Amino acid sequence: MSGTSALHDARAMVQGARRVVALTGAGISAESGVPTFRDAGGLWRKYRVEELATPEALLRDPRTVWEWYDHRRSFLATCEPNPAHRALARFFLRRGTGGLITQNVDGLHTRAALEEAGDRAPNAVLPIELHGAIARDRCNSCGVRAPGEPLGDSLPRCARCGGMRRPDVVLFGEALDGTSLARAQSMAASADLCLVIGTTAEVYPAAAIPWTTLHSGGHIIEVNIQTTSLTSAASIALQGKAGEVLPALLG
Ligand code: BV8
Ligand code: ZN
């Protein structure tokens with residue numbers, strides 16, 4: 001857990017902030033049992049990105065790519081939101097203004113938002129999922145989206161146009177959804193505080209989000225178990241697990 005004075009200062013900064021955005025990465029889901037990408041034992045450590053998470057790989061070897069996503073999808077269905085997801089959902093529910101931006105495709109922020117909102121409208125806490133959602137499929141030809149289904153013997157086809165269905169995630173080398181990215185960038189530009197939680201901040205254009213807040217005169221608070229390329233730009237860097245730090249920071 002981080003030093004109490006740093007936590008005390010960070011709590012004061014959060015409470016004094018006019019508009020807060022949060023950018024999360026794989027680290028916020030680590031305590032839910034979801035493997036990260038670049039830590040020891042992370043997903044990319046076992047597989048080469050080029051073999052799996054690129055549109056070329058999807059066209060070259062759709063079966064292998066589909067099996068990898070299908071395996072992750074069924075594993076993620078067994079994971080639960082952790083105290084970090086819930087603390088963020090409760091924080092934005094109380095604030096009543098949106099601000100949650102995630103790189104994660106695991107859907108755990110959305111589940112925490114719906115569960116914490118109960119019968120209240122969850123709009124303010126539903127995340128902008130910059131890299132999509134692994135539980136959904138998208139047609140590679142017509143773009144129509146549909147809930148994902150377990151992979152069968154034949155590769156899934158689009159019910160509307162017969163095109164190839166693929167997981168609705170942004171692969172490396174694919175453009176992010178323009179509307180989502182523009183919303184996230186505009187939120188970051190109008191924020192006076194960006195919480196950066198559980199990310200190496202290496203994947204662009206998502207990694208530019210905290211810099212947008214900084215260059216608009218705002219501050220960064222980082223929550224991570226280790227230092228990153230962003231740490232030196234943070235006003236406060238809280239070293240610790242997101243599941244422990246966030247309830248203390250936002251509670
Ligand atoms: C694009 C979905 C262009 C798939 C993912 C400059 C500008 C634009 C693009 C680029 C650029 N430079 C390079 C690029 C290309 C590339 C890129 O950024 N490459 C990097 C690697 C250099 N970007 C792209 O390809 C993007 N597309 O720009 O297209 C374009 C434009 C127009 C038209 C056509 C094309 C697309 C990027 C999206 C890729 N898809 N995911 C899937 O999941 O299978 S990215 C993937 O990485 C995940 O989404 C993940 O979230 C994301 C970032 O990783 P992190 O979340 O940070 O995870 P990581 O493991 O790295 O770190 C975990 C952290 O948590 C660590 O710091 C650890 O210490 C910490 N931690 C661990 N446990 C805890 C913890 N912290 C707190 N508590 C804990 N318990
Ligand atoms: Zn289609």
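Fair warning: this is a prediction, and the values are worked out from it, not measured in the lab. Ligands are counted one by one from 1 in listed order, and the atoms in each one are counted from 1 as well.
- Atom CG of Leu58 is separated from atom OH of Tyr69 by 8.5 Å, given to the nearest 0.5 angstrom.
- Between Arg72 and Glu67 there is no salt bridge, since no side-chain nitrogen of the basic residue lies less than 4.0 Å from a carboxylate oxygen of the acidic one.
- Relative to atom 42 (C) of ligand 1, the option among Tyr69, Trp68, Phe172 with the closest non-hydrogen atom is Tyr69.
- Between atom 63 (C) of ligand 1 and the options Pro55, Gly198, Gly173, the minimum heavy-atom separation is to Gly198.
- Donor-acceptor pairing under 3.5 Å is lacking for the side chains of Ser180 and Glu129.
- Among Arg72, Glu31, His131, the residue whose heavy atom sits closest to atom 38 (C) of ligand 1 is His131.
- The part of Val105 lying near ligand 1 is the side chain, judged by heavy-atom distances below 4.0 Å.
- Atom CG of Leu195 is separated from atom OG1 of Thr24 by 10.5 Å, given to the nearest 0.5 angstrom.
- With rounding to the nearest 0.5 angstrom, the CZ atom of Arg157 is 11.0 Å from the CZ atom of Arg165.
- Distance alone, capped at 3.5 Å, is enough to place a donor-acceptor pair between the Arg73 side chain and the Ile134 backbone.
- Annotation for ligand 1: atoms under 4.0 Å from non-hydrogen atoms of Ala242 are 77 (C), 78 (N), 79 (C).
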*Carefully, step by step, assess Thr228 and Thr200 under the rule side chain to side chain donor-acceptor pair (under 3.5 Å).*
CA-CA 6 Å; Thr228 71; Thr200 45; over 6 Å; no
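- Listed by number with element, the atoms of ligand 1 under 4.0 angstrom from any heavy atom of Thr199 are 55 (P), 56 (O), 57 (O), 64 (C), 65 (O), 67 (O).
- Geometrically, ligand 1 and Leu171 share no nitrogen or oxygen pair separated by less than 3.5 Å.
- Of all the atoms in ligand 1, the ones that sit under 4.0 Å from a non-hydrogen atom of Gly25 are 56 (O).
- Nearest to atom 65 (O) of ligand 1 by heavy atom, out of Ala84, Pro35, Gly27, Pro205, is Gly27.
- Close contacts of ligand 1 with Thr36, meaning ligand atoms under 4.0 Å from a residue heavy atom, involve 60 (O).
- At a 4.0 Å heavy-atom cut-off, ligand 1 touches Ala30 through the side chain alone.
- Put simply, the side chain of His131 gets close to the backbone of Gln103: a donor and an acceptor are under 3.5 Å apart.
- In this structure, SG of Cys161 and SG of Cys158 enclose an angle of 110° at the Zn ion (ligand 2), rounded to 10°.
- In terms of polar-atom proximity, Leu176 is not counted as a contact of ligand 1, lacking any N or O under 3.5 Å from an N or O of the ligand.
- Listed by number with element, the atoms of ligand 1 under 4.0 angstrom from any heavy atom of Glu174 are 1 (C), 26 (C), 27 (N), 29 (O), 35 (C), 36 (C).
- Taking every non-hydrogen atom of Asn104 and a distance limit under 4.0 Å, the qualifying atoms of ligand 1 come out as 51 (O).
- No side-chain N or O of His109 forms a donor-acceptor pair with one of Ser29 less than 3.5 Å apart.
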